[in-house]
Amino acid sequence: MQGLLQGINVFLIGMMGTGKTTVGKLLAQELAYRFFDTDILIERVIQQPVDRIFISMGEANFRKIESQVLAEVTACTKSVIATGGGVILKPQNWVHLRHGLIIWLDASVELLTTRLADDKTRPLLQNTDLTSKLSSLLEQRRSLYNQGDLRITINKNDTPEMLLSKILENIPGKIRSNLEVSNN
Ligand code: S3P
């Protein structure tokens with residue numbers, strides 16, 4: 001698989017709660033790649049957790065920092081990069097994402113609601129009706145996530161290891177022999 005990818009980065013995109021970090025770490029291990037998580041990098045730079053950054057600097061500034069961090073991290077090769085759920089919102093971010101293989105982890109609102117019911121760390125999900133907020137976010141974002149190269153549907157009982165296998169099975173079909181990512 002490393003031979004097939006020849007060092008190109010792999011980006012994980014998708015809604016909060018889809019397991020981008022967990023699956024990304026497993027994938028990085030499997031590929032002998034580095035692992036980065038853009039939220040963790042942002043927290044390191046700003047020295048505050050993401051929810052505090054939303055309060056102290058506002059979402060628009062968070063998004064600016066997110067774009068900067070994404071640009072910096074894509075200077076590396078041989079990396080799996082778990083992105084924040086909103087990274088797909090800015091067209092400029094796609095310039096960076098398009099340099100690698102983009103994998104969309106797709107889960108239903110029902111499953112995300114179960115997974116995120118007790119979450120206190122995602123600022124967009126606090127003090128709101130969880131299901132309707134997730135539905136509206138997914139509705140706004142689905143067509144953007146769908147621009148990824150590979151869509152992996154997450155079922156209720158899928159373990160991170162099962163998702164890893166699905167990803168590994170599907171990567172070869174998405175890489176052309178000239179190393180470009182196939183859009184088919
Ligand atoms: C966000 C997702 C979060 C984080 C921030 C905003 C979003 O990352 O970047 O709370 O807009 O969907 P995860 O997808 O890793 O939870």
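Both ligands and their constituent atoms are indexed starting at 1 by order of listing. Model, not experiment: these values are computed from the prediction.
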- With a cut-off of 4.0 Å, which atoms of ligand 1 are near a heavy atom of Arg122? 16 (O)
- Query: With a 4.0 Å cut-off, would you call Arg63 and Glu66 a salt bridge?
  - Reply: yes
- Options Glu59, Arg63, Met15, ranked by nearest heavy atom to atom 6 (C) of ligand 1, top entry: Arg63
- Report, in ascending order of atom number, the atoms of ligand 1 lying under 4.0 Å from any heavy atom of Phe62. 9 (O)
- Should you measure from each heavy atom of Pro123, which atoms of ligand 1 turn up under 4.0 Å away? 10 (O)
- Could you list which atoms of ligand 1 come closer than 4.0 Å to a heavy atom of Val50? 5 (C), 10 (O)
- Message: Are any of the N/O atoms on Phe54, whether in the backbone or the side chain, positioned under 3.5 angstrom from an N/O atom of ligand 1?
- Response: no
- For Gly86, the ligand 1 atoms with a heavy-atom partner under 4.0 Å come out as 7 (C), 11 (O), 12 (O)
- Heavy-atom contacts with Gly84 under 4.0 Å: which atoms of ligand 1 show up? List them by number with element. 8 (O), 9 (O), 14 (O)
- Message: For a 4.5 angstrom cut-off between non-hydrogen side-chain atoms, does Leu163 reach Leu105?
- Response: no
- Honestly, for Leu124 the part within reach of ligand 1 (heavy atoms, under 4.0 Å) is side chain
- Tell me, which protein residue and heavy-atom name are nearest atom 9 (O) of ligand 1, and how many Å apart are they? Asp39 OD1, 2.8 Å
- Message: Which option wins on minimum heavy-atom distance to atom 12 (O) of ligand 1: Glu43, Arg141, Gln126, Lys20?
- Response: Arg141
